Trainee: 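One structure coming up, written as structure tokens, with questions to follow.
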2 protein chains.
Amino acid sequence: MQPTTVMPPMDELRKVFREAGLSLTHQRVVLYRAVLEMRSHPSPEAIYERVRDEIPSISLGTVYKNIRAFMDAGLVREVSPHHGTLRLESNLEEHHHLVCTRCKAIVDLEESDLEPVRLRRELPGGFRVDRYSVEFRGLCAACSAKPDLS
Amino acid sequence: MQPTTVMPPMDELRKVFREAGLSLTHQRVVLYRAVLEMRSHPSPEAIYERVRDEIPSISLGTVYKNIRAFMDAGLVREVSPHHGTLRLESNLEEHHHLVCTRCKAIVDLEESDLEPVRLRRELPGGFRVDRYSVEFRGLCAACSAKPDLS
DNA sequence: TATTAAACGATAATTGTTATCGAAAAGTCA
DNA sequence: TGACTTTTCGATAACAATTATCGTTTAATA
């Protein structure tokens, strides 16, 4: 199991930040390295806790601002497209989702719309799967017609 | 395209609620029907807006309380297991997730751990897929060892 | 129909996140 | 390197989503 992300040396970091249009600050370097090292898909709070070991005076606001900057620059991604608010479904059958990352629309795909998903190896030790679903992300017809106003 | 959930008549609803241990109130009936009818995976706010047509005096708190009751009873589900807080990942390769619904841990599966996902039919009109990933939900080893204290 | 238990609406409290602003640090260029 | 401009930082206020509290109303039970 090799690391999926190798820790970049300082001069590489300088380049990454420059290309992302981010000026290079101590806080940013420490934050970025922390996120690369943490394999646990951390929350802002978890990153904050971790980074405080190195920069005790850092503020949670700075963590949020830089996370946002990293996401905007494509250096990191957020795991769930609908983390902001609870979304409910009453379809209790096995099914899959088509998610528009712009307008957050969610459309069901029936289980039979897909060939069954097949694992090539064992799952990591002891994990007990209840169910699985496939999430297709992209832009719905309406959103991909509109220009990107971000 | 047939409805995935058929609107239950009143006596059926009475049974559903009874089996779920939920007493039958007007608000609850209207809320439950609204969620079944809304195919859009609605947020609490969206349900609130919708239900206010029928019960203008309903409070948002009641919506939240009953959503929670429905979820606990297994009548509806929440779409994302990590909606409460932002979770980041720095692995920008295609990959999949193993998610523990108890402790919210997320573990990556490499793309090569799975046979490629294959669609059996066209996606609904005009949706443009950027990427997809498979989410396996269940309990991690640690959580499935512990008793359920809920 | 009286009694008891549960749910309701109003509102306060909490939590996760973004915005504001003066001070400090980084970028730029002579 | 030093002077100047721009960006970021930390502190704090504001905001949004969600949960808790509590007195009143409604449903369950018999």
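Fair warning: this is a prediction, and the values are worked out from it, not measured in the lab. Chain letters run A, B, ... following the sequence lines, proteins first, then strands; residues in each count from 1.
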Trainee: Both G84(B) and S59(B) contact DNA chain C. Which one's nearest nucleotide lies toward the 5' end?
Mentor: S59(B)
Trainee: Hydrogens and angles aside, do H83(B) and E78(B) bring a side-chain donor and acceptor to less than 3.5 Å of each other?
Mentor: yes
Trainee: OP1, OP2 of dA25(C) versus side-chain N and O of Q27(A): anything below 4.0 Å?
Mentor: no
Trainee: Report yes or no: do N91(B) and H41(A) form a side-chain donor-acceptor pair below 3.5 Å?
Mentor: no
Trainee: Is H83(B) close enough to dG16(C) that one of its side-chain N or O atoms is under 4.0 Å from OP1 or OP2 there?
Mentor: no
Trainee: Just how far, in rounded Å, is C1' of dG16(C) from CD1 of I47(A)?
Mentor: 14 Å
Trainee: Does R18(B) make a side-chain N or O approach to OP1 or OP2 of dT29(D) shorter than 4.0 Å?
Mentor: yes
Trainee: Please report, rounded to the nearest Å, how far the P atom of dA12(C) is from the CG atom of L60(B).
Mentor: 15 Å
Trainee: To the nearest Å, how far apart are I67(B) CD1 and dT19(D) C1'?
Mentor: 13 Å
Trainee: L24(A) has an atom CG; how far is it from atom C1' of dT6(D), in whole Å?
Mentor: 15 Å
Trainee: For I58(B) and Y48(B), which heavy atoms make the closest approach, and how far apart are they?
Mentor: O-CE1, 3.5 Å
Trainee: So, is T25(A) close to the dA25(C) phosphate, meaning a side-chain N or O under 4.0 Å from OP1 or OP2?
Mentor: no
Trainee: Does H26(B) or G61(B) map to a spot on DNA chain C nearer the 5' end, using the closest nucleotide for each?
Mentor: H26(B)
Trainee: Do the side-chain N or O atoms of R68(A) get closer than 4.0 angstrom to the phosphate oxygens (OP1, OP2) of dT8(D)?
Mentor: no
Trainee: Describe the nucleic acid contact of T62(A) in one word from base, sugar-phosphate, nothing, applying a heavy-atom distance below 4.0 Å.
Mentor: base
Trainee: What is the minimum heavy-atom distance between A73(B) and L22(B), and which atoms define it?
Mentor: CB-CD1, 4.4 Å
Trainee: Taking only side-chain N and O atoms of T85(B), does any of them lie within less than 4.0 angstrom of OP1 or OP2 on dT17(C)?
Mentor: yes
Trainee: Between P on dT18(D) and NE2 on H82(B), what's the gap in Å once rounded to a whole number?
Mentor: 16 Å
Trainee: Tell me whether the rings of F17(B) and Y32(B) are parallel (<30°), tilted (30 to 60°) or perpendicular (>60°).
Mentor: perpendicular
Trainee: Taking the nucleotide of DNA chain D with the closest heavy atom to each, which residue, S23(B) or K65(B), is nearer the 5' end?
Mentor: K65(B)
Trainee: May I have the distance from Y64(B) (atom OH) to dA7(C) (atom C1'), rounded to whole angstrom?
Mentor: 19 Å
Trainee: Mind checking S43(A) for me? I need base, sugar-phosphate or nothing, with any heavy atom below 4.0 Å counting as a touch.
Mentor: nothing
Trainee: Rounded to the nearest Å, what distance is computed from the CD atom of residue E78(B) to the P atom of nucleotide dT19(D)?
Mentor: 9 Å
Trainee: Rounded off to whole Å, could you give me the CZ-to-P distance for the R28(B) and dA5(C) pair?
Mentor: 17 Å
